[in-house]
**Student:** 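I'd like to ask some things about the structure below.
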Amino acid sequence: MRTNKLQILIGLIIGLAIISCNNQKNGSDAFGNFEADDQLVSSEIAGKLLSCNFEEGMTLSKGAEIAVVDTVPILLQISQLKSQQLTIQARKQSVKSQLAVVEQQKKNFEVDKARIDNMLKDGAATQKQKDDITGNLELLAKQKESTRSQETVLTGESEVVDTQLAQLQDKLNRCRIVSPINGLVLERYKKAGELVGQGQSLCRIADVSSLNLRVFVSGDQLPHLKIGQKVKVLIDDTATTNKTLEGTVSWISSEAEFTPKIIQTKVERVKLVYAVKIKVANDGALKIGMPGEIKFLD
């Protein structure tokens, strides 16, 4: 009888030891919450919002138009510059006509000069006639140089207007605000009809196709983790069961910090830990702020 009781007692001790070991083995290595890499979508142009095609909770596609800033002031400036450009082109055409006249006059004087040179050899012309022709040719050369300088100035003015038009066209393009990523609208800051300043945010969006589980590990655990390492991620499935996902270590803090204040016990709060991000593909079950835990894979 005593032998049986002793065997039962030993069996209970071994069973408890096995259960204790299993519980320790099955326990998670770190805990944390899911977060997303979000970004602000801002207006690069100041003005009135003509439309805002987004709402909180809406999924946006990359490149989709989400808002338009009033374009009328920019279009008026473009129209003014185009009129100025037409005026410059007309002036350039006038200068070209002047150059053609000067060039024709030069040809005529050169013909007369050649004729007077021949007549001067025969004594049928005077030196004064030759000097007058030579003076006229020199005057035409100066007129031609002056006219060409006007053409150069007008060309420069035209290039300045072209640059201003390009800048306004760029501003016009920026009036159309598009989503920089495929993402979910987390917060909305502006509505259609409101004024927006340059650089002012319209909304905050995040790509939720994958989320980061931010956990904290101790210095003893840190050597067991490295960038690119696969880990097992656990999230709540039912009241008593967990759902298992696969995650990849994407970032490890290089500096230790005190345990976040969300940890309740004072003993835990004074410990130094390292923040770690685990990238997890989101099948729709993961939400920002949801708790999670990880287990290191053997």
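Every heavy atom of this structure was used, including side-chain atoms; hydrogens, water molecules and symmetry mates were not.
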**Student:** Judged by atom type as modelled, is there a donor-acceptor pair below 3.5 Å linking the side chain of N282 to the main-chain atoms of L286?
**Tutor:**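 Confirmed, N282 side chain pairs with L286 backbone.
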
**Student:** Using salt bridge (charged side-chain N to carboxylate O under 4.0 Å, His left out), reason through K295 and D29 one step at a time and then give a plain yes or no.
**Tutor:** CA-CA 5 Å; K295 287 184 178 181; D29 295 302; over 6 Å; no

**Student:** What verdict does the salt bridge (charged side-chain N to carboxylate O under 4.0 Å, His left out) test give for E157 and R91, after you've listed the backbone C-alpha separation in whole Å, the side-chain angles of each residue and the deciding distance to 0.1 Å?
**Tutor:** CA-CA 11 Å; E157 291 181 4; R91 290 168 60 192; 3.5 Å; yes

**Student:** Heavy atoms, side chains only, cut-off 4.5 Å: are V233 and F34 in contact?
**Tutor:**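 Yes, their side chains come closer than 4.5 Å.
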
**Student:** Please, which pairs that meet side chain to side chain donor-acceptor pair (under 3.5 Å) have at least one residue in residues 50-68, sequence neighbours excluded?
**Tutor:**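 Those involving residues 50-68 are E55-R188, E65-R176.
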
**Student:** For C203, is there any backbone N or O sitting under 3.5 Å from a side-chain donor or acceptor partner on S201?
**Tutor:**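 Checked: no pair found.
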
**Student:** Under the side-chain hydrogen bond (donor to acceptor under 3.5 Å, both in side chains) test, which residues partner Q169, sequence neighbours left out?
**Tutor:**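 Only N173 meet the side-chain hydrogen bond (donor to acceptor under 3.5 Å, both in side chains) criterion with Q169.
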
**Student:** If we ignore hydrogens and angles and just use 3.5 Å, is the side chain of T134 paired with the main-chain N or O of K130 as donor and acceptor?
**Tutor:**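 Yes; judged by distance alone, with no hydrogens or angles, the pair exists.
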
**Student:** Using only atom types and a distance under 3.5 Å, with no angle test, would you say the side chain of S179 pairs donor to acceptor with the backbone of I181?
**Tutor:**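 Such a contact is found between S179 side chain and I181 backbone.
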
**Student:** Ignoring hydrogens and geometry, is there a side-chain-to-backbone donor-acceptor pair from S28 to A30 under 3.5 Å?
**Tutor:**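 Side chain of S28 to backbone of A30: no pair is present.
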
**Student:** Test: side chain to side chain donor-acceptor pair (under 3.5 Å). Region: residues 136-151. Which pairs qualify, not counting sequence neighbours?
**Tutor:**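 Side chain to side chain donor-acceptor pair (under 3.5 Å) check on residues 136-151 returns E103-K144.
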
**Student:** With sequence neighbours excluded, give me every salt bridge (charged side-chain N to carboxylate O under 4.0 Å, His left out) pair touching residues 211-226.
**Tutor:**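 Listed once each, the pairs are E35-R214.
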
**Student:** Just jot down the salt bridge (charged side-chain N to carboxylate O under 4.0 Å, His left out) partners of D283, sequence neighbours excluded, or say none.
**Tutor:**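 Counting only residues at least two positions away or on another chain, D283 forms a salt bridge (charged side-chain N to carboxylate O under 4.0 Å, His left out) with K243.
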
**Student:** If only atom types and distance count, is the side chain of S79 paired as donor or acceptor with the main-chain N or O of L75 below 3.5 Å?
**Tutor:**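 No, S79 side chain to L75 backbone: no donor-acceptor pair under 3.5 Å.
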
**Student:** side-chain hydrogen bond (donor to acceptor under 3.5 Å, both in side chains) with D131: which residues, sequence neighbours excluded?
**Tutor:**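 Only Q127 meet the side-chain hydrogen bond (donor to acceptor under 3.5 Å, both in side chains) criterion with D131.
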
